[in-house]
Q: 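Before I ask anything, here is the structure I am working with.
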Amino acid sequence: MNSAHRLLAAAGLLAMAACGGGEGGEVVNVYSHRHYEADQMLFDRFTEETGIEVNVVTASADELITRLENEGEASPADILITVDAGRLHRAKERGLLQSVSSPVLEANVPDHLRDRDGQWWGLTQRARVIAFHRERVDSTELSTYEALAEPQWEGRVLIRSSENVYNQSLMASIVAHDGEEAATEWAEGMVANMAREPSGGDTDQVMAVAAGAGDVAVVNTYYVARLAESENADERRVAEQIGIFFPNQGDRGTHVNVSGAGVTAHSANVENAVALLEFLTSPAAQEVFAEVIHEYPVHPDVPWSETLQGWGEFRADELDLTVLGEMNDAAVRIFDRAGWR
Amino acid sequence: MEVTLPRNWRLAVRSLPWGWTAVSLVLVTLLAIPVVTIPVGALAPAGEAWQHVSETLLPSYLGNTLFLTVVSGGIALVLGAGTAWLVAMCDFPGRRFFRWALVLPLAVPAYMAAYVYAGMVGVTGPLQRMVRAWVPGMGDTFFYWNVMRIEVVAVLFGVVLFPYVYLPVRALLESRAGPTLEAARVLGRGHASVFWSVGLPLARPALAGGLALVLMEVVNDYGAVKYYGVPTFTTGIFRAWFSLGDLDSAVRLSAILMLVVLVFLLAERWQRGKARYAAPGAPGRATPYPLRGPSALAAFAFCTLPVALGFLIPVAQLVMWAVRTAPEVVDARFLGMAANSLALAGAAGLLAVAVALVLSYTSRLDRTEITRSASRVALLGYSVPGAVIAVGVLMVSTFLDGVLGGGVRLVLTGTTIALVAAYVVRFLAVAYLPVEAGLERIGTNLTEASRMLGARPLRTLLGIEVPLLKGTLVAAGTLVVIDVLKELPLTLILRPFNFDTLATRAFQLASDEQIAESAPAALLVILCATVVVAVLHRTLDGKPDFGR
């Protein structure tokens, strides 16, 4: 009987844990793919300023979207945050988001970084660039993403797996600009030029360039910024060897994606949710994104961090980000056919 | 102790009232729904997306998964059986230390080992730093060793999972194989010959049981293969489901994976069936065979290798990182996360053992084909990647919420109750297999005597089987606890708001490419699991029934 008692006690404890917290006061419930310390810091500051409590579940956007779908009308979530516009578009298509409008949001987020129906709003921008070894590569050799598939780069290109959503969106943008056929040829050329089978994250690609496994890597800028400002001397030395090149400046501009958020279709706290979005896109919060995480702010008036300024201004691809979602499926199939793991 | 009833007494009682069968069938149904909703979909006609998946991806999924199971399984067998034999049958320096140290790698999640090794040999890792510091002329050279490859993943799985083989084989050799092996030795067989011709065949059921667990863990891993860029069935299921948005293809891949695991489970059963009639004779252990000189050194090295690779090295590296990052990462929330991890794991362990006991008891005493096959179905959760089960559990819990909360309120979804239920669906097999084996070992005579004397089945279970199986039950529960402590995808998807466990914390930092920052949480996972492993080890000592 002893173990039965213990079982009951454990169940009781869990039930208490399950029910505790969040009763009564104003709340906003967030499903987020972003798991940065800085985000939590901003949520805490929002609670301080407004008295609205922020509850968070973090997991990958795909998983959170599945959870939202299953929970349906009863879902407690008010906001979905993802790290890619494609996933926001998917959530919109599945009827998981709702349109909201607010003069503050419209002033904070430029047109091309938000959904035309107000269903999602960009929070930060991420540029996917070419990181190159300063000694082994002359920046004049670099021009476009497309050019990395040319034979001169054979065995020199590092890029992570096609499981990764940043690569999927980059490919989606290439499909949108160049067409499926050209995109397929590009994927095949890239696979032929890879210095190794794709493995690891963006940071691993940068490290591998420093270590001589390859000469160029396609990565998001903030990973390099993080190395440059690391407390670890070796990581700073890695960053010193790396140059950042913004591709496609002569034509459409460098591929830029957003990390963004939308209010859920069945939110019970729409006002609080909009207040949180307004806060996250306000200059004060945008500065934190720029300074701490080294993402590019969406707010046009917010200054870039020193590291970001050091890499200079660039022309960003102004492709409607919705297209990244629409072309995602085609992109993944092209990766598979080309044998890009 | 042995009570023997006349053979015809058995016919006098139907062993079990129908209520038990009903309860057990309801349990099985609850456990199976989240798992079975998935393959049922596989019967739908194939869509165009499946054609794409089967043409472009399936061959590499099959190839890689096959490679991983064969190589990791092989390594786990060689290490597990080899070390168990050395520790149980031989005497060499360090044997007493290795006897328990060989269990430790079980505390290290495979995905953490994968992150650690990649970080260690990287340009900022300690190996390269040592080279730069000590090798003249290398002062500021970075160089490149590629460890992120399938061969390395396979070895990592082997060295962290081999204790699943080591434990039951050692238990069997120490407890029940002694006299037979000694007889073989007395009859003039050499040490090696005893191992190959007597020891291995004796240990075969224990080997098969351990191997089945290893292989199921291998085909289910997501973290390590994803980070190293090795496409397997689990990564494929996610790709089909989420990236291609094609549930059908995901379902088909899951169904294939389940089929593979079903084969493991059946093979394990078949092995056990064969062993039953060759049951080892009188219990007792053999006098250890002393090893000297080179062979003692070889034994020492053979045992050191897996302990070092699977535990000491990753832990040492994590400690190095943790020393650097702990001041900024560790705060008051850590205590809460540790409490969450332990509470969830404890609850899931208790519940899984209780369910396993009811199911295996029913299926043993009821002896109808339906309860027997039903209990096998309940084990399938172990074959399905955590995130797939999570979605199955979501479907069930939101359906129940619709009934309980009228569609406006979630009663179960997003609570720790749903999470614990999901763990039981996922890890029941880990508790069920040893409990079933334990019940088989104690036989039915005592049960039948108790029933004949008028005790009801529940009283019999609590009065006879539970006390006799105490060690096995604790061992089964702790295995589940260890698995839940390390678990990721289920926890990530199903957890309540503002709810972190040590594993989710470590994973989030690691997936944000902040490996060093993830070290304190990772270490704490390993520490908790190590304590539980120690409990498991103490329990198994003197409770040899675990090895069946």
Side-chain angles (χ1 to χ4, degrees), chain A residues 1 3-4 6-7 10-11 13-15 17-18 21-22 29 35-36 55-60 62-64 66-67 70-76 90 160-161 163 168 196-204 207-208 210-213 223 226 232 234-235 237-238 241 328-329 332-333 336-337 341, chain B residues 52 56-57 118 122-124 129 140 142-144 146 148-149 226-229 231 235 238-239 241-245 324 343-344 346-347 350-351 354 387 390-391 394-395 398 401-402 405 407-410 413-417 420 462 466 489 492-493 495-499 508 511-513 516:
Chain A
M1 282 320 245
S3 70
R6 254 180 280 166
L7 191 70
L13 268 177
L14 280 169
N29 296 325
H35 25 64
Y36 302 106
N55 298 316
V56 189
V57 175
T58 57
S60 87
D62 291 323
E63 293 162 349
L64 293 171
T66 311
R67 181 162 165 178
N70 273 283
E71 290 172 340
E73 285 178 35
S75 175
R90 180 174 293 176
R160 72 199 285 187
S161 139
E163 300 288 335
Q168 292 174 7
R196 62 170 179 191
E197 287 277 11
S199 53
D202 277 6
T203 310
D204 294 304
M207 300 262 197
Y223 293 107
R226 193 190 285 160
N232 180 327
D234 282 327
E235 292 188 351
R237 280 186 45 225
V238 167
Q241 308 198 7
N328 186 274
D329 193 56
V332 171
R333 284 160 191 257
D336 290 341
R337 280 197 298 270
R341 296 219 298 219
Chain B
H52 168 80
T56 59
L57 303 171
V123 289
T124 59
R129 225 174 310 141
D140 36 42
F142 292 138
F143 46 98
Y144 176 67
N146 188 12
M148 288 197 260
R149 29 193 322 148
K226 188 182 176 200
Y227 186 57
Y228 279 31
T235 56
F238 288 95
R239 192 181 188 81
W241 194 338
F242 295 134
S243 296
L244 292 169
R324 174 155 68 87
L344 283 177
L350 281 174
L351 194 59
V391 176
L394 263 180
M395 288 175 184
T398 46
D401 284 340
V408 288
R409 202 163 64 87
L410 295 178
T413 311
T415 66
T416 43
I417 295 167
V420 169
L462 295 175
V466 168
L492 281 171
I493 305 175
R495 67 204 164 123
F497 283 106
N498 310 325
F499 188 93
Q508 284 179 349
S511 70
D512 186 31
E513 307 188 9

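Chain A is the first sequence line, chain B the second, and so forth, proteins listed ahead of strands; every chain is numbered from 1.
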Q: In terms of heavy-atom pairs under 4.5 Å, which option from A:D329, A:N232, A:D234, A:L64 contacts chain B the most?
A: A:D234
Q: Identify which part of B:N498 has an atom lying under 4.5 Å from any heavy atom of chain A, answering side chain, backbone, both or neither.
A: both
Q: For chain B, find which of A:G212, A:G200, A:S161 contributes the most heavy-atom pairs closer than 4.5 angstrom.
A: A:G200
Q: Tell me every residue that passes ring-ring contact (aromatic ring centres under 6.0 Å, His included) with B:Y227, counting only those two or more places apart in sequence or in another chain.
A: B:Y115
Q: Restricting to non-hydrogen atoms, name the atom on B:T56 and the atom on A:R337 that form the minimum distance, rounded to 0.1 Å.
A: CG2-CG, 4.0 Å
Q: Is B:R149 in contact with chain A via its backbone, its side chain, both, or neither, using a 4.5 Å heavy-atom distance?
A: neither
Q: Are any of the side-chain heavy atoms of A:T58 and B:R495 separated by less than 4.5 Å?
A: yes
Q: For each of A:R160, A:M207, A:R226, A:Q168, tally heavy-atom pairs with chain B at distances under 4.5 Å, and name the one with the top tally.
A: A:R226
Q: Can you give me the closest heavy-atom contact between A:R196 and B:M148, atom names plus distance?
A: NH1-CE, 4.4 Å
Q: In terms of heavy-atom proximity below 4.5 Å to chain B, should A:P76 be classed as side chain, backbone, both, or neither?
A: both
Q: Contact part of A:E197 toward chain B, heavy-atom cut-off under 4.5 Å: side chain, backbone, both or neither?
A: neither
Q: I need the residue from B:N146, B:T413, B:T235, B:L57 with the largest number of non-hydrogen atom pairs under 4.5 Å to chain A.
A: B:L57
Q: Quick check: closest heavy atoms across B:P496 and A:V57, and the distance to 0.1 Å?
A: O-CG2, 3.6 Å
Q: With a 3.5 Å distance limit and no angle check, can you tell me whether A:R67 reaches the backbone of B:I493 through a side-chain donor-acceptor pair?
A: yes
